[in-house]
> 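Can you keep this structure in mind? I'll have questions shortly.
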Amino acid sequence: MDKKTVVIGVIGADAHAVGNKIIDLTLNNEGFHVVNLGVMVSQEEYIEAAVETNADAILVSSLYGHGEIDCMGLRQKCDEAGLKGIPLFVGGNLVVGKQNFEDVKARFKAMGFDFVYPPSTPIEDTIKDLKRVLKME
């Protein structure tokens, strides 16, 4: 079976690299082809990489609390670039301050994200969802 391609990175002005490297390593160990854009990634970079590699999914990380702002409009831009329906995953510390996660999740779902994970979610949970959505199991 061909490896599924996932584009990963840390969005916006966020420079948190350690978690990104762990996600990269774990996804590779699980048999994915990983296109790791690193940190401080723009929406356009995610989209360009996904189009270029014919990616099966995009995984967005954010740890500095401004993910909500950084992610606004990503689904629409994906659709416009020919990536309509590509699974979008997002996780980390997505907002500033203590907020009810169910409210945060609802806002990201309304923005077009398929999966939204709270801080400290094990990457294995995301991989389970990713494999299910990409019909790898």
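Position 1 is the first residue of the sequence, and the numbers go up from there.
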> Counting N and O atoms only, with roles assigned by atom type, does the side chain of Gln76 sit under 3.5 Å from a partner on the main chain of Gly112, one being a donor and the other an acceptor?
no
> Can you find a heavy atom in the side chain of Ile8 that is under 4.5 Å from one in the side chain of Phe32?
no
> Does the side chain of Met111 come within less than 4.5 Å of Arg75's, by heavy atoms?
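With C-beta onward as the side chain, the pair stays apart.
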> Is it true that a side-chain atom of Lys109 and a backbone atom of Asp114 form a donor plus acceptor pair closer than 3.5 Å?
yes
> Given side-chain contact (heavy atoms from CB on, under 4.5 Å), test Ile23 with Thr126 step by step and report yes or no.
CA-CA 10 Å; Ile23 291 168; Thr126 306; over 6 Å; no
> Given the rule that I, L, V, M, F, W and Y join up when any side-chain heavy atoms are under 4.5 Å apart, are Leu83 and Val35 in one cluster?
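The answer is yes; both residues are in one hydrophobic cluster.
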> So, using salt bridge (charged side-chain N to carboxylate O under 4.0 Å, His left out) as the criterion, who are the partners of Glu45 when residues are at least two apart?
none
> Does Val90 reach the side chain of Leu74, with side-chain heavy atoms less than 4.5 Å apart?
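Not touching, per the 4.5 Å side-chain cut-off.
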> Could you label the plane-to-plane angle of the Phe113 and Phe108 rings as parallel, tilted or perpendicular, counting under 30° as parallel and over 60° as perpendicular?
perpendicular
> Supply the atom-to-atom distance Ile127 CD1 to Thr26 OG1, rounded to the nearest 0.5 angstrom.
5.5 Å
> Under 3.5 Å, which donor-acceptor pairs do the side chains of residues 46-57 form with other protein atoms, sequence neighbours left out?
residue, atom, partner, partner atom, Å
Tyr46, OH, Gly9, O, 2.7
Tyr46, OH, Val10, N, 3.4
Tyr46, OH, Ile11, N, 3.4
Thr53, OG1, Ala49, O, 2.7
Asp56, OD2, Thr5, N, 2.8

> Do Val39 and Leu63 sit in the same hydrophobic cluster, where Ile, Leu, Val, Met, Phe, Trp and Tyr count as joined when their side-chain heavy atoms come under 4.5 Å apart?
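Cluster IDs for Val39 and Leu63 differ.
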> Same cluster for Met40 and Tyr64 if Ile/Leu/Val/Met/Phe/Trp/Tyr side chains link at under 4.5 Å?
no
> Check Ser62 against Asp14 and note the closest heavy-atom contact, atom names and distance.
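Result for this residue pair: C-OD2, 3.5 Å.
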> Using the rule that two of Ile, Leu, Val, Met, Phe, Trp, Tyr join whenever any of their side-chain heavy atoms come within less than 4.5 Å, decide whether Leu37 and Leu88 are in one cluster.
yes
> Using a cut-off of 6.0 Å, state whether more than 12 heavy atoms not belonging to Lys21 lie near its atom NZ.
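Result for NZ/Lys21: open.
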> Exactly one of Val41, Asn20, Leu59 should register a side chain to side chain contact (heavy atoms under 4.5 Å, CB included) with Asn36. Which one does?
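By the side chain to side chain contact (heavy atoms under 4.5 Å, CB included) criterion, Asn36 pairs with just one of Val41, Asn20, Leu59: Asn20.
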> Can you tell if the side chain of Phe101 reaches within under 4.5 Å of the side chain of Val116, non-hydrogen atoms only?
yes
> Specify the closest pair of heavy atoms between Cys78 and Ile58, including all atoms of both residues, with the distance to one decimal.
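Scanning both residues, the minimum pair turns out to be SG-CD1, 4.0 Å.
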> Is Arg132 salt-bridged to Asp129, cutoff N-O under 4.0 Å?
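Yes.
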> I'd like to check Glu30 versus Met136 (side-chain heavy atoms, cut-off strictly below 4.5 Å). Are they in contact?
no
> One pair to check against side chain to side chain donor-acceptor pair (under 3.5 Å): Asp24 and Asn28. What are the steps and the verdict?
CA-CA 6 Å; Asp24 186 344; Asn28 270 295; 2.5 Å; yes
> Any chance you could measure His33, atom NE2, to Asp2, atom CG, to the nearest 0.5 Å?
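Spacing of NE2 (His33) from CG (Asp2) equals 11.5 Å.
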> Using side-chain heavy atoms (C-beta onward) and a distance below 4.5 Å, is Lys84 in contact with Asp79?
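Side-chain contact under 4.5 Å: yes.
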> Heavy-atom distance under 4.5 Å between the side chains of Val133 and Phe115, does that happen here?
yes
> Just so I know, are the side chains of Asp70 and Val60 near enough to count as touching, which here means a heavy-atom distance under 4.5 Å?
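Contact flag for Asp70/Val60 side chains = no.
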> List the steps, then state whether side-chain contact (heavy atoms from CB on, under 4.5 Å) holds for Val96 with His66.
CA-CA 7 Å; Val96 176; His66 299 286; 3.8 Å; yes
